[in-house]
2 protein chains.
Amino acid sequence: MKGNDDKLLDTRQRLLQAAGEVFARRGFKSATVREISLRAKANIAAINYHFGDKEGLYSAVLEHSLGSALKKYPPDLNVTTKSRAEERLDAFIRSFLSRLLDDGRPAWHGKLVALEIANPTAALDQIIETVIGPLYAHLTVIVRELMADSADEESIHACVFSIMGQCLFFHHSRHVITKLYPQELGAGAIGRLTNHITKFSMGAIKGLAGQAEKMTRGISDNPTSL
Amino acid sequence: MKGNDDKLLDTRQRLLQAAGEVFARRGFKSATVREISLRAKANIAAINYHFGDKEGLYSAVLEHSLGSALKKYPPDLNVTTKSRAEERLDAFIRSFLSRLLDDGRPAWHGKLVALEIANPTAALDQIIETVIGPLYAHLTVIVRELMADSADEESIHACVFSIMGQCLFFHHSRHVITKLYPQELGAGAIGRLTNHITKFSMGAIKGLAGQAEKMTRGISDNPTSL
DNA sequence: GACTGTTTTAAACAAATGTTTTAAATATGT
DNA sequence: ACATATTTAAAACATTTGTTTAAAACAGTC
């Protein structure tokens with residue numbers, strides 16, 4: 001019964017918590033077992049005792065966090081399938097950005113996935129299957145509905161990429177953004193960014209849909225030189 | 001006079017070449033001096049002799065590459081200021097994607113900068129000043145022109161972020177993209193992606209500009225919550 | 001209270017990695 | 001040809017980092 005709250009959790013849980021924070025900040029390779037065990041107020045050997053090795057700890061962190069990640073920020077943010085596609089897009093983007101930018105505690109769920117995307121480890125396949133794939137599928141449904149039947153699957157995928165890219169940008173490039181425009185990622189950022197990305201993407205999709213419609217009616221597009 | 005072409009370059013240059021490739025693939029921290037000197041067919045100590053330490057080598061690689069990066073793919077791709085803004089946007093995106101996705105040799109210029117953006121080292125400030133900053137400024141001019149005077153600076157910045165984000169996405173997320181859609185980043189990708197991102201962004205900007213114009217004329221926008 | 005299985009701890013270990021040392025090889029200048 | 005400076009090479013070194021070991025501390029059971 002020490003004065004520290006952390007001591008109320010057993011070693012295994014403290015390790016999971018500390019490892020999540022450290023892995024999300026440094027990535028799998030750069031994170032050290034010493035920093036993790038120090039932050040968890042545990043012995044270095046405790047990691048190997050409870051999780052076998054460093055990679056086992058990482059897998060456990062992923063499994064433990066990925067489940068609760070979508071629990072705190074469900075991809076639809078309680079905006080059901082019956083809502084208009086635009087509202088669902090707004091909810092998707094807000095949820096995605098929240099998971100990436102939220103600095104609350106524990107907030108490393110989305111950051112871990114973003115790190116896996118940029119610096120894959122052996123766990124990438126599992127994450128694609130359980131998190132990234134469903135996320136893409138969900139967004140694809142929304143985009144397909146927004147483009148009506150005016151677009152082929154390739155265009156839909158491209159638009160999904162454009163939306164994901166805009167969101168991930170604010171995570172991957174956050175250091176540069178903060179240097180260039182210090183107040184950009186401050187308070188209220190998630191709301192502002194969500195509004196912008198939604199409006200930007202809605203305009204783009206409407207534009208593409210309009211173009212596709214014109215093409216359907218035989219009015220040739222002006223192809224930019226390849 | 002050995003049979004290998006590499007032997008025609010002196011050790012210092014072979015080290016720069018090899019280090020560029022390894023740093024671009026693994027990042028500063030994960031790259032090892034042993035892999036670099038092995039690939040350069042040089043002794044391990046040669047790095048310290050010629051560049052002081054690993055960080056000195058990294059700085060030299062950046063300095064050596066950043067100059068020639070914009071030489072092979074100038075940001076305007078010879079599309080002068082007199083061209084229409086849309087053409088210049090297309091050229092900017094194609095140039096940017098080329099530097100990120102080109103697998104030619106040596107093609108690590110853009111990749112190094114992208115790695116610095118996602119995993120900054122002590123050299124970030126210098127890179128922002130010499131490369132990233134001017135790049136943003138260049139794109140900002142184009143976007144400002146595209147939005148006419150219908151938009152404030154904040155909206156322009158946001159659109160610049162959206163465009164940069166779409167481009168960087170295909171670099172940072174290339175492993176996931178290849179897993180999900182194996183043929184997406186194959187041959188002709190740069191051309192296809194450029195066309196999509198240009199059209200997507202042009203539609204978005206036109207949409208935003210139209211909205212802003214409506215607001216100017218007193219027709220209230222429908223603000224999404226928060 | 002002794003026994004047994006579990007958990008924690010400190011120390012040692014082994015592998016990886018950046019750096020330094022010292023000598024040999026090579027080039028340069030006179 | 002000799003002397004000097006520069007470059008290369010092999011080995012050793014120091015540090016970091018993941019892992020293992022062996023003993024101590026703890027918890028539960030009879």
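Just so we're on the same page: letters track the sequence lines, and every chain starts at 1.
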[X]: which residues meet the ring-ring contact (aromatic ring centres under 6.0 Å, His included) condition with it, sequence neighbours left out?
{"X": "B:Tyr49", "value": "none"}
{"X": "B:Phe51", "value": "none"}
{"X": "A:His50", "value": "none"}

Nucleotide [N], atom [atom2] - distance to [atom1] of [X] in whole Å:
{"X": "B:Lys41", "N": "D:dT8", "atom1": "NZ", "atom2": "C1'", "answer": "16 Å"}
{"X": "A:His50", "N": "C:dT6", "atom1": "NE2", "atom2": "P", "answer": "13 Å"}
{"X": "B:Asp10", "N": "D:dT8", "atom1": "CG", "atom2": "C1'", "answer": "13 Å"}

List every contact pair, protein side and nucleotides 14-23 of chain C side both N or O, where the distance is under 3.5 Å.
{"residue": "C:dG18", "atom": "OP1", "partner": "B:Ala31", "partner atom": "O", "Å": "3.3"}
{"residue": "C:dG18", "atom": "OP1", "partner": "B:Lys54", "partner atom": "NZ", "Å": "2.8"}
{"residue": "C:dG18", "atom": "OP2", "partner": "B:Val33", "partner atom": "N", "Å": "2.8"}
{"residue": "C:dG18", "atom": "N7", "partner": "B:Arg34", "partner atom": "NH1", "Å": "3.0"}
{"residue": "C:dG18", "atom": "O6", "partner": "B:Arg34", "partner atom": "NH2", "Å": "3.2"}
{"residue": "C:dT19", "atom": "OP2", "partner": "B:Lys54", "partner atom": "N", "Å": "2.9"}

Excluding sequence neighbours, so at least two apart, what forms side-chain hydrogen bond (donor to acceptor under 3.5 Å, both in side chains) with B:Tyr58? B:Glu116
A:Asp152: which residues meet the side-chain hydrogen bond (donor to acceptor under 3.5 Å, both in side chains) condition with it, sequence neighbours left out? A:Ser155
